[in-house]
Amino acid sequence: MIMDLKQFKENLLLYGADVHRWPEEIRNAGLEALKNSSEFRFLVDEEAKFERILKSRKYEEPDSYLERRIISVALQIKKNPPSSLGTFLLELLAEFRLPRPALIALSVLIIGFTIGFLDPIASAPTEQDPTTLQAFLYYEEEIP
Amino acid sequence: MGFNLSHLDDESLILQIKEGKHQAFEEIVNRHAKRFYSLAYRLVFNREEAEDIVQDAFLKLWNKPELWDSRKRVKFTTWFYRVVTNLCIDHNKKKKPVPLSDKTPIRHEQPGQDVLLDHQQKQVLLDNLIRELPERQQLAINLCFYEGLSNEEAAEIMGVKVKVLQSLIMRAKMTLKEKIKPYLD
């Protein structure tokens, strides 16, 4: 593959002045082009100069205690326990910020549903029902 | 008594953090704080602010490690670069525009005039020229040139296609070259 000037310039911008570090699939073509053209070598020198300027950008090292600071702040924070259904509902209520009467009504509903689901015996048909029905039928037969 | 967790990869450490293991959190902070600080510093141009942003990002991880979803098959560092980048962008939006310092060589607004600057002036000039770039170009050049990430990884962090990322890098570098030219020795 032969690399033309336009492609070479683009690759210089994308991958930098060190052609040896270009992606494998274009590296050899780049090196070959560089070997055969003084114009390409000039472009590489210019790019290297530009990169040296970019690298001279101001940089301040972080405080040497940065990691320790982050770790100690995290230690002070109580880790949230995995959320339960109750927590989920509370978070949901907090999210919607409902007015107090609506909150009370909603709470009563939730409690009602909870009791209903937790106490199926009270709401499900019991063994007494057939007996009652039988008694009723028996009573009906008594009617002349 | 400490356990050595250095043999674990990032993703395994996050799983331990999800179980509330502080030592896993320590390991991940010690492993990566500096690299994320580096990006934050280059995006907000201030040491203390960059440190605070990195701290906030790690505390988010500690409080809600489930935000990193292993099922999405995104590397922890890629995801965390995104977290830090977003915090920096939000921070910059809230911040008032920074007035040019007294040391700023404003002569760069006069094209064609060759001016030789000392090292410190060059640094300030360079910072200002980078600051003037559109946000996405700044981010692209920071990730690829200053952080040394591959185009593919930078594109993934920015949520753009590789071609788009490459176009951003090229435009950023061409703009900078053009503006720096008058100051070259």
Side-chain angles (χ1 to χ4, degrees), chain A residues 5-18 20-27 30 42-84 87-88 91 95, chain B residues 17-23 25-26 29-34 37-38 40-42 45-48 50-51 54-59 61-66 119-120 122-127 129-130 141 144-146 150-151 165-167 169-174 176-177 180-181 183-185:
Chain A
L5 186 65
K6 185 173 171 281
Q7 288 171 323
F8 192 82
K9 277 183 177 174
E10 277 186 12
N11 288 326
L12 266 183
L13 285 172
L14 286 177
Y15 305 112
D18 187 355
H20 289 94
R21 296 183 66 187
W22 284 11
E24 216 176 322
E25 60 273 19
I26 55 167
R27 192 184 304 148
F42 174 76
L43 287 174
V44 167
D45 290 345
E46 285 294 298
E47 187 67 21
K49 200 170 163 185
F50 173 63
E51 285 181 2
R52 276 198 299 277
I53 294 172
L54 289 186
K55 288 247 163 74
S56 72
R57 188 178 169 192
K58 187 180 163 195
Y59 180 75
E60 292 174 85
E61 289 291 336
D63 191 303
S64 53
Y65 296 106
L66 176 65
E67 289 90 346
R68 221 177 293 169
R69 189 180 92 185
I70 296 170
I71 291 164
S72 78
V73 173
L75 258 182
Q76 289 161 22
I77 297 170
K78 198 181 166 199
K79 192 101 169 91
N80 293 336
S83 47
S84 61
T87 325
F88 170 74
E91 281 175 3
E95 184 73 23
Chain B
I17 293 172
K18 283 182 181 175
E19 291 166 12
K21 290 184 181 162
H22 198 267
Q23 274 160 338
F25 179 73
E26 285 181 26
V29 170
N30 286 323
R31 197 179 284 182
H32 295 300
K34 282 207 171 64
Y37 162 83
S38 168
Y41 176 82
R42 294 191 192 286
F45 303 88
N46 180 288
R47 185 174 69 100
E48 287 82 10
E51 286 179 357
V54 173
Q55 178 174 312
D56 285 353
F58 275 111
L59 292 182
L61 174 69
W62 175 241
N63 283 326
K64 291 197 170 177
E66 65 276 7
H119 182 66
Q120 202 184 7
K122 272 183 188 168
Q123 285 186 328
V124 177
L125 170 72
L126 192 55
D127 262 2
L129 293 180
I130 291 173
I141 203 163
C144 294
F145 184 76
Y146 289 106
S150 69
N151 290 353
L165 181 273
Q166 291 180 334
S167 158
I169 295 173
M170 289 206 282
R171 274 186 280 156
K173 277 190 163 180
M174 285 194 292
L176 289 173
K177 265 186 188 175
I180 285 172
K181 210 187 273 178
Y183 304 97
L184 290 178
D185 294 356

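Every chain is numbered from 1, with letters handed out A, B, ... down the list of sequences. All values reported here derive from a predicted model rather than from experimental measurement.
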B/Leu59 side, atom CG; A/Gln76 side, atom CD - distance, nearest 0.5 Å
10.0 Å
Hey, are A/Arg69 and B/Glu51 close enough for a salt bridge, meaning a charged N less than 4.0 Å from a carboxylate O?
yes
Mind ranking B/Lys34, B/Met174, B/Glu26, B/His22 by heavy-atom pairs under 4.5 Å with chain A and telling me who comes out on top?
B/His22
CA sep, side-chain torsions, deciding dist, call: A/Arg57, B/Arg42, side-chain contact (heavy atoms from CB on, under 4.5 Å)
CA-CA 9 Å; A/Arg57 188 178 169 192; B/Arg42 294 191 192 286; 3.9 Å; yes
At a 4.5 Å cut-off on heavy atoms, which part of A/Leu66 comes close to chain B: side chain, backbone, both, or neither?
side chain
Residues A/Glu67 and B/Arg31 bridged, charged N to O under 4.0 Å
no
Looking at A/Lys58 and B/Asp127, is there a salt bridge between them, counting it only when a charged N and a carboxylate O are closer than 4.0 Å?
no
For A/Tyr59 and B/Gln123, test the side chains for any donor-to-acceptor distance below 3.5 angstrom and give the result as yes or no.
no
Find out whether B/Tyr146 and A/Leu54 are in side-chain contact, i.e. whether some heavy atom of one side chain is under 4.5 Å from a heavy atom of the other.
yes
Test A/Ile70 against B/Phe25 for side-chain contact (heavy atoms from CB on, under 4.5 Å), laying out the working first.
CA-CA 10 Å; A/Ile70 296 170; B/Phe25 179 73; 4.1 Å; yes
Taking B/Val54, B/Ile130, B/Leu165, B/Ile141 one by one, which has the highest count of heavy-atom pairs under 4.5 Å against chain A?
B/Ile130
Interatomic spacing from CD1 in B/Ile169 to CG in A/Leu13 - rounded to 0.5 Å
9.5 Å
To check you understand the geometry: which heavy-atom pair defines the closest contact between A/Ile77 and B/Trp62, and what is its length?
O-NE1, 3.9 Å
Do B/Lys181 and A/Phe50 come within less than 4.5 Å of each other through their side chains, counting heavy atoms only?
no
Rounded distance [0.5 Å steps], CG in A/Leu14 versus CZ in B/Phe145
13.0 Å
Only pairs of heavy atoms separated by less than 4.5 Å count here; which of A/Glu60, A/Arg68, A/Glu61 has the most with chain B?
A/Glu60
Verdict with supporting geometry, A/Ile53 and B/Leu176, side-chain contact (heavy atoms from CB on, under 4.5 Å)
CA-CA 10 Å; A/Ile53 294 172; B/Leu176 289 173; over 6 Å; no
NZ/NE/NH1/NH2 to OD/OE distance under 4.0 Å, B/Lys173 and A/Glu47:
yes
Looking at every heavy atom in both B/Leu126 and A/Ser56, which two are closest together, and how far apart are they?
CD2-OG, 4.2 Å
B/Asn151 portion near chain A, given a 4.5 angstrom heavy-atom threshold
side chain
Just so I understand: if I count every heavy-atom pair under 4.5 Å between each of B/Ser38, B/Ala172, B/Cys144 and chain A, which residue has the most?
B/Ser38
Under 4.5 Å from a heavy atom of chain B, the part of A/Leu12 involved
backbone
